Structures are given as structure tokens and as C-alpha cells.
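Below: one structure, written as C-alpha cells.
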Protein chains: 2
Amino acid sequence: MRLSTKGRYGVTAMMDLAIHDNAGPVTLADISQCQGISLSYLEQLFSKLRKAKLVEGVRGPGGGYRLSRPAEDINIAEIISAVDEKVDVTRCNKEGNCQGGMQCLTHDLWMELSERLYSFLAGITLAQFVNRPGIHELAIQRDKINGRFILARRQAEVLQQQRKAS
Amino acid sequence: MRLSTKGRYGVTAMMDLAIHDNAGPVTLADISQCQGISLSYLEQLFSKLRKAKLVEGVRGPGGGYRLSRPAEDINIAEIISAVDEKVDVTRCNKEGNCQGGMQCLTHDLWMELSERLYSFLAGITLAQFVNRPGIHELAIQRDKINGRFILARRQAEVLQQQRKAS
DNA sequence: TAATTCCTGAGTAATTTAGTAGGATATTGC
DNA sequence: GCAATATCCTACTAAATTACTCAGGAATTA
């Protein structure tokens with residue numbers, strides 16, 4: 001388990017997708033502008049997210065990215081491990097000086113901690129952040145501030161339809 | 001919250017200290033040899049751990065480092081934040097384009113996640129890894145393999161005294 | 001056909017990680 | 001006091017990662 005700014009970018013971008021999930025795909029240009037990350041860097045991140053089957057790309061005008069699964073079924077741990085590719089867990093097997101020595105003992109203890117951490121993050125879904133009252137309305141306001149008018153309009157329409165249905 | 005190899009080094013080194021807590025200070029040269037980290041790099045890490053009041057240095061022959069508090073009172077979160085100094089949490093306030101916009105929304109959601117993560121790690125103590133049956137005996141064996149004979153002997157003595165007392 | 005958007009790869013600057021070097025300071029045991 | 005041990009401290013360097021730039025190709029819409 002590893003956690004850097006890259007992981008944060010991945011998670012916040014996925015949160016953005018999740019918020020607009022019902023309002024169609026979100027373009028990387030939008031996310032780039034809103035979150036202040038360069039477009040090409042985002043493309044690299046999303047290449048990983050796509051390979052991990054977390055998102056789907058839709059080409060052409062009106063395209064963008066959307067979640068490949070409902071936000072309820074996407075957890076934080078898989079986002080982070082998709083983006084923040086795991087570094088060499090240890091130098092254990094590579095060097096010969098670790099055959100049941102102290103390095104292995106603390107390494108095992110670390111692995112245990114690492115697994116606990118993973119399970120913890122695997123228990124948190126995107127939906128837990130996004131599906132709560134008021135957050136979609138808030139997102140519409142924010143989108144307008146950021147000049148994401150199309151996204152804001154689409155989302156507002158969806159909200160209105162939902163209200164009518166209920 | 002951030003978590004890189006630096007954090008792992010910090011935590012595993014602290015685990016090593018915790019295991020030998022009753023057997024006097026542990027030298028960085030020992031840790032360096034056992035865990036395969038360079039001495040000077042460890043010195044830099046321990047400089048941070050010392051400033052965070054997590055360890056105490058003992059100079060001179062027979063010296064080394066020891067925990068400044070019992071392992072029950074040291075949690076993983078504080079070790080990681082001592083070593084893996086927190087990077088710019090966001091670019092929010094620095095740029096002017098984030099005044100209640102989408103960036104701030106996902107930023108807030110990220111901060112919430114980050115705090116949950118911190119609390120989780122703050123709830124795990126060093127002692128939970130070290131104070132369990134058999135681990136000290138195992139450490140003595142491992143120390144012998146690694147040529148830490150002095151440490152192994154001291155620890156064996158402590159264990160024997162504890163057995164007599166009980 | 002033109003515009004839009006994903007998708008890919010190659011290259012680069014900035015930052016962080018990890019290590020090196022050289023020394024100063026405190027402590028122990030002779 | 002002296003030599004050995006070990007923490008402490010600063011500055012420098014090499015390697016890796018992060019973040020970005022550039023240049024183009026492929027699919028889709030209007």
C-alpha cells in the first residue's frame with residue numbers, strides 16, 4: 001500500500017465522475033480545468049484507471065469518461081492501487097541476506113499493517129462520499145462557477161426528473 | 001496523509017526499537033545492516049523521529065536509540081506523519097481559481113477521507129504488533145542470524161528475568 | 001468534412017528519495 | 001587523558017518518481 005498525490009488525484013477525479021454519474025460522461029478537459037491538473041497528466045492517470053476497468057472512455061463530441069460500475073461498487077483501495085502502482089514491497093527476496101532474519105520479521109509486521117490498511121480503504125466506497133443529501137445540488141452550483149455549464153444543465157435536468165418521479 | 005517507502009522505513013525501524021525496548025538502546029548501524037538501509041539515511045529519518053519526540057538518542061558506546069514512550073502510547077499515524085512530512089494538502093488557497101468551486105468540493109471530500117485514514121492509523125499502536133506471545137523469542141533468533149549478538153544476549157537476559165519473576 | 005474527445009508514446013523539468021562525505025559532540029572504558 | 005563508539009549535523013550527489021509538454025492517431029458527432 002502506498003499513497004501519494006497521484007492517489008489523491010485519482011480519487012478526487014473519480015469523485016468528480018461519481019458526482020456527475022447520472023449526467024453523462026465528464027471530459028478530462030473539464031477535470032483538468034477544475035482541479036488544476038494538466039490534461040496530459042490526467043490522460044495518463046485515466047489510462048491506468050481504464051486498464052483497471054474502473055472507468056470507460058466515450059470518444060467524440062459529448063464524450064468523456066464515466067464510471068464503469070456504480071459508485072456503490074467502487075472502493076477507494078482499488079482506485080489507489082490502480083493509479084499509485086505498488087512499489088517493490090521489500091528488498092527481501094532480491095538480496096540474499098534476508099533468510100528469516102530481522103528484516104523479514106519487521107517486514108512481516110509491516111505487511112500485516114499494510115493489509116489492514118488496504119482492507120480499511122476497501123471498505124470505503126465512492127458512493128459513501130457522493131450519495132448524500134445536497135451534494136448534487138452543491139455540485140451544480142460549483143459547476144456553474146467553474147464554467148461547466150453543460151454538465152450543470154444535464155445534472156439539473158436529471159435531478160428534476162428524479163423529483164418528478166418521486 | 002501520505003504514505004511512501006519513507007513511512008515504511010520509519011514504521012519498521014520503530015518496530016525494531018519496540019521489539020528491543022526492554023533490552024536497551026539499538027544502534028542505527030544495527031538497523032542499517034538488518035533492514036538494508038544506509039546509515040546516513042537512517043540518521044536523517046531518526047532526526048525527524050527525535051524532533052517528533054518519538055525516540056531518544058543515547059550517545060557513546062552502548063548507546064543507540066530507544067522509544068521515548070512505551071510502545072502502547074505510540075501509534076502508527078504519528079510515526080508516518082513525523083517521517084513522511086505532509087506535502088501541500090491542496091493547491092486551493094494558492095491559486096485564485098478555487099473559490100467554492102468544484103475543486104474545493106472534491107478537496108473537502110478528500111480531506112474527509114484523509115482524516116478517516118489518519119484516525120484509523122492513529123488507532124493502531126506499535127505495541128499491537130510487538131506485544132504478543134513468541135515475538136521476543138523470535139526476535140532473539142533473528143538477531144543472532146543477523147549478527148546482533150549483544151542485542152540478542154541482552155534481550156535473552158531480560159526474558160529470563162521476567163520468567164523468574166513470574 | 002470539421003470539430004471534439006479519447007488514446008498513445010516519447011521526451012523533459014521539477015521534486016523527492018536515497019545515499020555519500022566529512023565532520024562535531026557526547027559518552028564509555030582503558 | 002585517550003581511544004573507541006555512537007549520536008548529531010550539514011552539504012552535496014545520484015537515482016527515481018512526479019508532473020508536465022508535445023505531437024500525433026483514432027473514433028464519434030453534427
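We name chains A, B, ... by the order of the sequence lines, and we start the count at 1 in each one. As the structure is a prediction and not an experimental result, all values here were calculated from the model.
Contact annotation: T5(A) side-chain N/O to dA19(D) OP1/OP2 distance is under 4.0 Å. In this structure, R2(B) reaches the dT17(C) phosphate: one of its side-chain N or O atoms is under 4.0 Å from OP1 or OP2.
If you measure from atom CZ of R66(A) to atom C1' of dT28(D), you get 13 Å, rounded to the nearest angstrom. In this structure, CG of L45(B) is placed 15 Å from C1' of dC9(D), rounded to the nearest angstrom. Here the C1' atom of nucleotide dC12(D) and the OH atom of Y41(B) are 16 Å apart, to the nearest Å. Atom OH of Y9(B) is separated from atom C1' of dG19(C) by 11 Å (rounded to the nearest Å). Distance CG (D84(B)) to P (dT17(D)): 15 Å, rounded to an integer number of Å. Rounded to whole Å, atom P of dT21(D) lies 13 Å from atom CD1 of I37(A). Remark: C1' of dT29(D) and CD1 of I150(A) are 14 Å apart, rounded to the nearest angstrom.
Separation of atoms CG (L138(A)) and CG (D108(B)) is listed at 9.0 Å; rounding is to 0.5 Å. Between atom CZ of residue F129(A) and atom CG of residue L113(B) there is a gap of 4.0 Å, rounded to the nearest 0.5 Å. How far NZ of K144(B) is from CZ of R153(B): 11.5 Å, rounded to the nearest 0.5 Å.
No hydrogens or angles considered: a donor-acceptor pair under 3.5 Å links the side chains of D84(B) and S4(B).
Ring geometry for Y65(A) against F46(A) counts as tilted: the plane angle lies between 30° and 60°, on a 0 to 90° scale.
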Annotated protein contacts, base or backbone, on nucleotides 3-12 of chain C with a non-hydrogen cut-off under 4.0 Å, one of B, S, - each: BBBBBB-B--
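Across S32(A) and S38(A), no two heavy atoms sit closer than the pair OG-C, 3.9 Å.
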